[in-house]
*Asks:* 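Supplied in C-alpha coordinates, the structure appears directly below.
Note: hydrogens, waters and symmetry copies are ignored here, and every other heavy atom, side chains too, is used. Each chain gets a letter, A, B and so on, in the order the sequences are listed, and its residues count up from 1.
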Amino acid sequence: MKIATWNVNSLKVRLPHVLDWLATSQADVLCLQETKMEDKVFPYAELEAAGYRAAHNGQKTYNGVAILARGVLDDVRWDIPAFADEQKRVIAATVNGVRIVCAYMPNGQAVGSDKYEYKLRWLAALAGFLREELQRCPQLVLLGDYNIAPEDRDVHDPAAWKDQILCSEPERAAFRQFVGLGLADAFRLFDQPEKTYSWWDYRQMGFRLNRGLRIDHILLSAPLAAACRACVIDKAPRKLERPSDHAPVLATLEV
DNA sequence: ATGGCGTAACCCTTACGA
(Lines give C-alpha, C1' and ligand atoms only; values in the text may rest on other atoms or scores of the structure.)
Protein backbone atom coordinates (compact mmCIF):
# COMPACT_ATOMS: atom_id res chain seq x y z
CA MET A 1 0.00 0.00 0.00
CA LYS A 2 1.45 3.34 -1.07
CA ILE A 3 0.35 6.38 0.93
CA ALA A 4 1.25 9.95 0.05
CA THR A 5 0.71 13.56 1.02
CA TRP A 6 0.93 16.72 -1.09
CA ASN A 7 0.10 20.34 -0.49
CA VAL A 8 -1.10 21.31 -3.97
CA ASN A 9 -1.71 25.06 -3.38
CA SER A 10 -5.06 25.10 -5.25
CA LEU A 11 -6.46 21.87 -6.65
CA LYS A 12 -8.16 23.81 -9.44
CA VAL A 13 -4.76 24.88 -10.78
CA ARG A 14 -2.95 21.65 -9.92
CA LEU A 15 -5.42 18.94 -10.95
CA PRO A 16 -3.42 18.01 -14.08
CA HIS A 17 -0.28 17.57 -11.95
CA VAL A 18 -2.22 15.47 -9.45
CA LEU A 19 -3.65 13.18 -12.13
CA ASP A 20 -0.23 12.75 -13.74
CA TRP A 21 1.41 12.05 -10.42
CA LEU A 22 -1.21 9.46 -9.41
CA ALA A 23 -0.52 7.63 -12.66
CA THR A 24 3.27 7.64 -12.27
CA SER A 25 3.49 7.09 -8.51
CA GLN A 26 0.74 4.46 -8.38
CA ALA A 27 -0.24 5.77 -4.95
CA ASP A 28 -3.15 3.95 -3.34
CA VAL A 29 -3.93 6.87 -1.03
CA LEU A 30 -3.10 10.53 -1.65
CA CYS A 31 -3.86 13.20 0.92
CA LEU A 32 -4.12 16.76 -0.36
CA GLN A 33 -3.87 20.07 1.42
CA GLU A 34 -4.79 23.60 0.33
CA THR A 35 -7.41 22.50 -2.17
CA LYS A 36 -8.80 26.05 -1.79
CA MET A 37 -12.25 25.08 -3.05
CA GLU A 38 -15.74 24.31 -1.85
CA ASP A 39 -17.06 20.75 -1.89
CA LYS A 40 -19.53 21.54 -4.67
CA VAL A 41 -16.72 22.18 -7.18
CA PHE A 42 -14.39 19.36 -6.06
CA PRO A 43 -13.38 17.29 -9.12
CA TYR A 44 -14.91 13.99 -8.01
CA ALA A 45 -15.69 12.90 -11.58
CA GLU A 46 -12.17 13.46 -12.92
CA LEU A 47 -10.68 11.55 -9.99
CA GLU A 48 -13.23 8.76 -10.33
CA ALA A 49 -12.25 8.41 -13.98
CA ALA A 50 -8.64 7.96 -12.81
CA GLY A 51 -9.75 5.23 -10.39
CA TYR A 52 -9.92 7.20 -7.13
CA ARG A 53 -12.70 7.89 -4.71
CA ALA A 54 -12.42 10.97 -2.55
CA ALA A 55 -13.54 12.62 0.65
CA HIS A 56 -13.11 16.39 0.87
CA ASN A 57 -13.35 19.00 3.60
CA GLY A 58 -13.14 22.30 1.79
CA GLN A 59 -13.91 25.99 1.77
CA LYS A 60 -13.50 28.89 -0.59
CA THR A 61 -10.05 30.50 -1.07
CA TYR A 62 -8.17 29.03 1.89
CA ASN A 63 -7.29 25.66 3.43
CA GLY A 64 -9.20 22.55 2.31
CA VAL A 65 -8.09 18.91 2.68
CA ALA A 66 -8.95 15.72 0.83
CA ILE A 67 -8.22 12.00 0.90
CA LEU A 68 -8.10 10.20 -2.46
CA ALA A 69 -8.15 6.42 -2.39
CA ARG A 70 -8.35 3.52 -4.79
CA GLY A 71 -10.53 1.65 -2.30
CA VAL A 72 -13.54 2.48 -0.17
CA LEU A 73 -13.30 5.33 2.35
CA ASP A 74 -14.95 4.24 5.59
CA ASP A 75 -15.76 6.12 8.78
CA VAL A 76 -15.06 9.57 7.34
CA ARG A 77 -14.70 12.35 9.91
CA TRP A 78 -14.31 16.05 9.33
CA ASP A 79 -12.40 18.53 11.52
CA ILE A 80 -11.12 18.07 15.08
CA PRO A 81 -13.99 17.16 17.42
CA ALA A 82 -14.35 19.48 20.40
CA PHE A 83 -12.29 22.21 18.72
CA ALA A 84 -14.39 25.02 17.25
CA ASP A 85 -12.67 26.07 14.02
CA GLU A 86 -13.91 27.81 10.90
CA GLN A 87 -10.88 26.60 8.98
CA LYS A 88 -11.09 23.33 7.10
CA ARG A 89 -7.84 21.60 8.01
CA VAL A 90 -8.57 17.99 8.91
CA ILE A 91 -10.24 14.98 7.35
CA ALA A 92 -9.94 11.34 8.43
CA ALA A 93 -11.03 8.07 6.87
CA THR A 94 -10.28 4.35 7.07
CA VAL A 95 -8.92 2.71 3.92
CA ASN A 96 -8.03 -0.97 3.79
CA GLY A 97 -7.99 -1.13 7.59
CA VAL A 98 -5.61 1.82 7.91
CA ARG A 99 -6.80 4.97 9.65
CA ILE A 100 -5.76 7.97 7.54
CA VAL A 101 -5.65 11.37 9.23
CA CYS A 102 -4.95 14.14 6.71
CA ALA A 103 -4.01 17.52 8.19
CA TYR A 104 -3.14 21.00 6.99
CA MET A 105 -1.59 22.42 10.13
CA PRO A 106 -1.66 26.19 10.61
CA ASN A 107 1.21 28.30 9.29
CA GLY A 108 1.44 30.58 12.32
CA GLN A 109 2.69 33.62 10.36
CA ALA A 110 5.17 34.86 12.98
CA VAL A 111 6.29 33.68 16.42
CA GLY A 112 4.20 35.46 19.05
CA SER A 113 1.42 36.53 16.69
CA ASP A 114 -2.27 35.70 17.16
CA LYS A 115 -1.93 33.13 14.38
CA TYR A 116 1.00 31.56 16.20
CA GLU A 117 -1.09 31.19 19.36
CA TYR A 118 -3.84 29.66 17.24
CA LYS A 119 -1.31 27.26 15.73
CA LEU A 120 -0.15 26.00 19.13
CA ARG A 121 -3.72 25.61 20.42
CA TRP A 122 -4.65 23.82 17.22
CA LEU A 123 -1.69 21.43 17.48
CA ALA A 124 -2.61 20.59 21.09
CA ALA A 125 -6.21 19.90 20.06
CA LEU A 126 -5.06 17.64 17.22
CA ALA A 127 -2.87 15.67 19.65
CA GLY A 128 -5.91 15.10 21.86
CA PHE A 129 -7.93 13.90 18.89
CA LEU A 130 -5.13 11.55 17.81
CA ARG A 131 -4.86 10.01 21.25
CA GLU A 132 -8.50 8.93 20.90
CA GLU A 133 -8.14 7.80 17.30
CA LEU A 134 -5.10 5.67 18.17
CA GLN A 135 -7.09 3.83 20.83
CA ARG A 136 -9.77 3.00 18.28
CA CYS A 137 -7.39 2.40 15.38
CA PRO A 138 -3.92 0.97 16.10
CA GLN A 139 -3.00 1.14 12.40
CA LEU A 140 -2.92 4.92 11.98
CA VAL A 141 -1.06 7.37 9.78
CA LEU A 142 -0.98 11.13 10.36
CA LEU A 143 0.14 12.89 7.23
CA GLY A 144 0.03 16.29 5.67
CA ASP A 145 1.56 19.74 5.72
CA TYR A 146 2.71 20.15 9.32
CA ASN A 147 4.23 23.59 8.80
CA ILE A 148 6.96 22.42 11.19
CA ALA A 149 10.58 21.63 10.35
CA PRO A 150 11.29 19.14 13.15
CA GLU A 151 15.07 19.46 13.30
CA ASP A 152 17.86 21.70 12.02
CA ARG A 153 18.78 19.13 9.38
CA ASP A 154 15.32 19.76 7.88
CA VAL A 155 16.25 23.41 7.24
CA HIS A 156 18.52 24.73 4.46
CA ASP A 157 19.85 27.53 6.69
CA PRO A 158 19.29 26.68 10.36
CA ALA A 159 21.01 29.84 11.60
CA ALA A 160 18.73 32.11 9.59
CA TRP A 161 15.63 30.18 10.61
CA LYS A 162 16.56 29.74 14.27
CA ASP A 163 13.49 30.40 16.46
CA GLN A 164 11.58 31.64 13.39
CA ILE A 165 8.15 30.45 12.37
CA LEU A 166 8.08 26.74 11.34
CA CYS A 167 11.26 26.17 13.38
CA SER A 168 10.53 27.56 16.85
CA GLU A 169 11.00 25.35 19.88
CA PRO A 170 7.27 25.25 20.85
CA GLU A 171 6.41 24.10 17.34
CA ARG A 172 9.11 21.44 17.44
CA ALA A 173 7.85 20.37 20.86
CA ALA A 174 4.38 19.94 19.34
CA PHE A 175 5.90 17.71 16.66
CA ARG A 176 7.63 15.65 19.35
CA GLN A 177 4.30 15.36 21.15
CA PHE A 178 2.97 13.50 18.10
CA VAL A 179 6.02 11.25 18.24
CA GLY A 180 5.31 10.76 21.95
CA LEU A 181 1.91 9.34 21.07
CA GLY A 182 3.78 6.47 19.44
CA LEU A 183 4.10 7.87 15.93
CA ALA A 184 7.31 7.59 13.90
CA ASP A 185 8.54 9.94 11.16
CA ALA A 186 8.52 7.60 8.16
CA PHE A 187 11.16 9.63 6.33
CA ARG A 188 13.67 9.11 9.16
CA LEU A 189 13.17 5.36 9.29
CA PHE A 190 15.57 5.20 6.34
CA ASP A 191 18.90 6.62 5.23
CA GLN A 192 18.15 9.77 3.27
CA PRO A 193 20.15 12.16 1.12
CA GLU A 194 21.24 15.24 3.03
CA LYS A 195 19.42 18.50 2.34
CA THR A 196 16.19 16.82 1.32
CA TYR A 197 13.24 19.17 1.64
CA SER A 198 9.54 19.20 0.77
CA TRP A 199 8.92 22.93 0.31
CA TRP A 200 10.81 25.71 -1.49
CA ASP A 201 9.87 29.38 -1.74
CA TYR A 202 8.64 30.46 -5.16
CA ARG A 203 10.78 33.55 -4.89
CA GLN A 204 14.48 34.15 -5.43
CA MET A 205 15.09 30.82 -7.15
CA GLY A 206 14.40 28.94 -3.92
CA PHE A 207 14.02 25.58 -5.63
CA ARG A 208 17.01 25.89 -7.95
CA LEU A 209 19.20 26.88 -5.02
CA ASN A 210 17.59 24.16 -2.87
CA ARG A 211 16.66 26.67 -0.20
CA GLY A 212 13.98 24.51 1.31
CA LEU A 213 12.38 23.12 4.42
CA ARG A 214 11.07 19.66 5.22
CA ILE A 215 7.64 20.49 6.61
CA ASP A 216 5.45 17.78 5.00
CA HIS A 217 5.48 14.54 6.94
CA ILE A 218 4.11 11.03 7.23
CA LEU A 219 3.91 9.78 10.81
CA LEU A 220 3.18 6.10 11.38
CA SER A 221 1.85 4.23 14.40
CA ALA A 222 4.07 1.35 15.58
CA PRO A 223 2.40 -1.44 13.56
CA LEU A 224 2.67 0.63 10.38
CA ALA A 225 6.25 1.75 11.09
CA ALA A 226 7.16 -1.94 11.31
CA ALA A 227 5.51 -2.46 7.92
CA CYS A 228 7.11 0.56 6.23
CA ARG A 229 9.56 -0.31 3.45
CA ALA A 230 10.37 3.11 1.99
CA CYS A 231 9.69 6.82 2.27
CA VAL A 232 10.74 9.36 -0.34
CA ILE A 233 10.11 12.95 -1.31
CA ASP A 234 9.45 13.22 -5.05
CA LYS A 235 10.90 16.47 -6.37
CA ALA A 236 9.78 15.81 -9.96
CA PRO A 237 6.44 17.71 -9.79
CA ARG A 238 8.24 20.76 -8.35
CA LYS A 239 10.14 21.03 -11.65
CA LEU A 240 7.01 21.31 -13.80
CA GLU A 241 5.47 24.50 -15.18
CA ARG A 242 3.31 26.27 -12.60
CA PRO A 243 4.23 23.88 -9.78
CA SER A 244 2.96 23.77 -6.24
CA ASP A 245 5.60 25.10 -3.86
CA HIS A 246 5.46 21.69 -2.08
CA ALA A 247 6.60 18.27 -3.28
CA PRO A 248 4.71 15.04 -2.52
CA VAL A 249 5.96 12.63 0.16
CA LEU A 250 5.35 8.94 -0.48
CA ALA A 251 5.55 5.97 1.91
CA THR A 252 5.38 2.31 0.92
CA LEU A 253 3.75 0.00 3.49
CA GLU A 254 3.54 -3.75 3.42
CA VAL A 255 -0.08 -4.00 4.48
C1' DA B 1 11.61 47.12 6.78
C1' DT B 2 10.20 45.49 2.47
C1' DG B 3 9.79 42.64 -1.37
C1' DG B 4 10.64 38.70 -3.94
C1' DC B 5 6.20 34.75 -6.26
C1' DG B 6 1.79 32.52 -6.69
C1' DT B 7 -3.24 32.07 -5.80
C1' DA B 8 -7.88 33.80 -5.07
C1' DA B 9 -11.44 37.28 -4.65
C1' DC B 10 -16.02 41.92 -3.02
C1' DC B 11 -10.77 40.83 -9.15
C1' DC B 12 -6.17 45.59 -10.86
C1' DT B 13 -5.54 45.96 -5.06
C1' DT B 14 -5.37 43.20 -1.05
C1' DA B 15 -4.79 39.02 2.04
C1' DC B 16 -2.22 35.14 2.84
C1' DG B 17 1.15 31.66 2.57
C1' DA B 18 5.97 29.60 4.55
Side-chain angles (χ1 to χ4, degrees), chain A residues 5-18 21 31-43 56-66 85-90 102-123 126 143-175 187 195-217 233 235 237-249:
Chain A
T5 180
W6 193 5
N7 179 324
V8 290
N9 186 18
S10 167
L11 183 56
K12 183 182 176 191
V13 174
R14 231 66 67 192
L15 182 60
H17 289 190
V18 169
W21 193 77
C31 293
L32 303 178
Q33 301 86 39
E34 289 207 84
T35 60
K36 297 187 175 182
M37 58 173 54
E38 294 179 291
D39 292 341
K40 63 187 178 190
V41 295
F42 189 84
H56 181 228
N57 188 18
Q59 66 188 100
K60 197 182 275 193
T61 312
Y62 300 120
N63 309 310
V65 285
D85 194 359
E86 307 269 298
Q87 304 184 29
K88 303 302 187 184
R89 295 181 173 279
V90 171
C102 169
Y104 174 47
M105 305 191 193
N107 170 284
Q109 195 171 57
V111 173
S113 67
D114 288 350
K115 287 177 180 174
Y116 182 74
E117 297 305 319
Y118 163 74
K119 180 176 192 173
L120 295 181
R121 283 191 292 112
W122 192 98
L123 291 167
L126 180 66
L143 67 173
D145 178 356
Y146 285 58
N147 272 314
I148 301 171
E151 301 178 61
D152 279 353
R153 60 178 165 163
D154 302 311
V155 180
H156 68 94
D157 185 347
W161 283 86
K162 182 176 167 52
D163 297 329
Q164 299 300 304
I165 197 65
L166 315 183
C167 300
S168 74
E169 186 47 40
E171 292 167 272
R172 288 180 169 178
F175 185 89
F187 186 77
K195 304 184 193 307
T196 301
Y197 309 120
S198 68
W199 170 87
W200 302 262
D201 201 306
Y202 283 123
R203 298 163 291 187
Q204 295 168 317
M205 299 195 297
F207 183 66
R208 251 194 287 174
L209 299 172
N210 197 30
R211 291 184 183 151
L213 304 174
R214 192 175 71 92
I215 55 175
D216 301 87
H217 308 294
I233 297 174
K235 289 170 74 170
R238 189 63 176 76
K239 301 171 183 171
L240 300 172
E241 289 292 313
R242 275 190 105 185
S244 168
D245 43 358
H246 295 251
V249 187

*Asks:* Any base atoms under 4.0 Å from Asn63(A), or only sugar-phosphate, or nothing? Heavy atoms, all strands.
*Replies:*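 Asn63(A): no heavy atom of the nucleic acid under 4.0 Å.
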*Asks:* Are the side chains of Tyr146(A) and Asp216(A) in touch, meaning some heavy atoms are under 4.5 Å apart?
*Replies:* no
*Asks:* Ignoring backbone atoms, test whether Ser10(A) places a side-chain nitrogen or oxygen under 4.0 Å from the OP1 or OP2 oxygen of dA8(B).
*Replies:*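 Ser10(A) to dA8(B) OP1/OP2: side-chain N or O found under 4.0 Å.
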*Asks:* Do Arg172(A) and Asp154(A) sit within salt-bridge range, that is, some charged N less than 4.0 Å from a carboxylate O?
*Replies:* no
*Asks:* Could you tell me how far apart Tyr118(A) (OH) and dC16(B) (P) are, to the nearest whole angstrom?
*Replies:*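 That distance rounds to 13 Å.
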*Asks:* Could you label the plane-to-plane angle of the Trp161(A) and His156(A) rings as parallel, tilted or perpendicular, counting under 30° as parallel and over 60° as perpendicular?
*Replies:*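 Taking His156(A) first and then Trp161(A), their aromatic rings stand perpendicular (interplane angle over 60°).
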*Asks:* What's the CG-P distance between Asp201(A) and dC5(B), to the nearest Å?
*Replies:* 10 Å
*Asks:* Base, sugar-phosphate, or nothing: which does Ile165(A) touch, judged by heavy atoms less than 4.0 Å apart?
*Replies:* nothing
*Asks:* Categorize Tyr104(A) for me: base, sugar-phosphate, or nothing, with a 4.0 angstrom heavy-atom threshold over every strand shown.
*Replies:*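 Tyr104(A): backbone/sugar contact only, no base atoms under 4.0 Å.
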*Asks:* Nearest-Å distance, CZ (Arg238(A)) to C1' (dG6(B))?
*Replies:* 10 Å
*Asks:* Side chain of Val13(A), heavy atoms from C-beta onward: which of dA8(B), dG17(B), dG6(B) has the nearest atom to it?
*Replies:*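 Nearest to the side chain of Val13(A) among the choices is dA8(B).
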*Asks:* When the nearest nucleotide of DNA chain B is assigned to Asn9(A) and to Tyr62(A) on a heavy-atom basis, which residue is associated with the more 5' position?
*Replies:* Asn9(A)
*Asks:* What integer distance in Å separates Glu241(A):CD from dT7(B):P?
*Replies:* 11 Å
*Asks:* Quantified in whole Å, what is the C1' atom distance between nucleotide dT7(B) and nucleotide dC12(B)?
*Replies:*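 Nearest-Å result for dT7(B) against dC12(B) at atom C1': 15 Å.
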*Asks:* Counting any heavy atom closer than 4.0 Å, what does Arg14(A) reach on the DNA or RNA strands: base, sugar-phosphate only, or nothing?
*Replies:* sugar-phosphate
*Asks:* State which of dG4(B), dA9(B), dA8(B) makes the closest approach to the side chain of Lys36(A).
*Replies:*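 Per side-chain heavy atoms of Lys36(A), the pick is dA8(B).
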*Asks:* Using a cut-off of strictly less than 4.0 Å, decide whether Lys115(A) has a side-chain nitrogen or oxygen near OP1 or OP2 of dG17(B).
*Replies:* yes
*Asks:* Can you measure His246(A) atom NE2 to dG6(B) atom P for me and round it to whole angstrom units?
*Replies:* 14 Å
*Asks:* Can you check the distance between dG6(B) and dA1(B), where both ends of the measurement are the P atom (answer in whole Å)?
*Replies:*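 Those two atoms are separated by 26 Å.
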*Asks:* Tell me which nucleotide among dG4(B), dC16(B), dA8(B) gets nearest to the side chain of Lys12(A).
*Replies:*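 So the nucleotide nearest the side chain must be dA8(B).
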*Asks:* Rounding to an integer number of Å, can you tell me how far Leu209(A) CG sits from dC5(B) P?
*Replies:* 14 Å
*Asks:* Mind calculating the distance between CZ (Arg203(A)) and P (dC16(B)) to the nearest angstrom?
*Replies:* 15 Å
*Asks:* Would you kindly compare Gln204(A) and Lys60(A) by the position of their nearest DNA chain B nucleotide and give the one closer to the 5′ end?
*Replies:*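 Per heavy-atom nearest nucleotide, the more 5' residue is Gln204(A).
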*Asks:* Gln33(A) CD to dC16(B) C1': how many Å, rounded?
*Replies:*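 Rounded to whole Å, this separation is 17 Å.
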*Asks:* Given the C1' atoms of dC5(B) and dC10(B), what is the spacing between them in whole Å?
*Replies:* 24 Å
*Asks:* What's the closest nucleotide to the Tyr202(A) side chain, out of dG6(B), dA8(B), dT7(B)?
*Replies:* dG6(B)
*Asks:* For nucleotides dG4(B) and dT13(B), find the distance between their P atoms and express it as a whole number of Å.
*Replies:*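 Between the two P atoms, the distance is 15 Å.
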*Asks:* Do you see a donor-acceptor pair shorter than 3.5 Å between the side chains of Gln33(A) and Thr5(A)?
*Replies:* yes
*Asks:* For Ser244(A) and Asn9(A), does a side-chain donor sit closer than 3.5 Å to a side-chain acceptor?
*Replies:*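 Per modelled atom types, Ser244(A) and Asn9(A) side chains form no pair under 3.5 Å.
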*Asks:* Are Arg242(A) and dT7(B) close enough that a side-chain N or O sits under 4.0 Å from OP1 or OP2?
*Replies:*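 For dT7(B), OP1/OP2 do have a side-chain N/O of Arg242(A) under 4.0 Å.
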*Asks:* State, with a plain yes or no, whether a side-chain heavy atom of Val18(A) is found less than 4.5 Å away from one of Val8(A).
*Replies:* yes
*Asks:* Taking the side chain of Glu34(A) as its heavy atoms from C-beta onward, which of dC16(B), dT7(B), dG17(B) lies nearest to it?
*Replies:*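 When the side chain of Glu34(A) is considered, dG17(B) is the closest of dC16(B), dT7(B), dG17(B).
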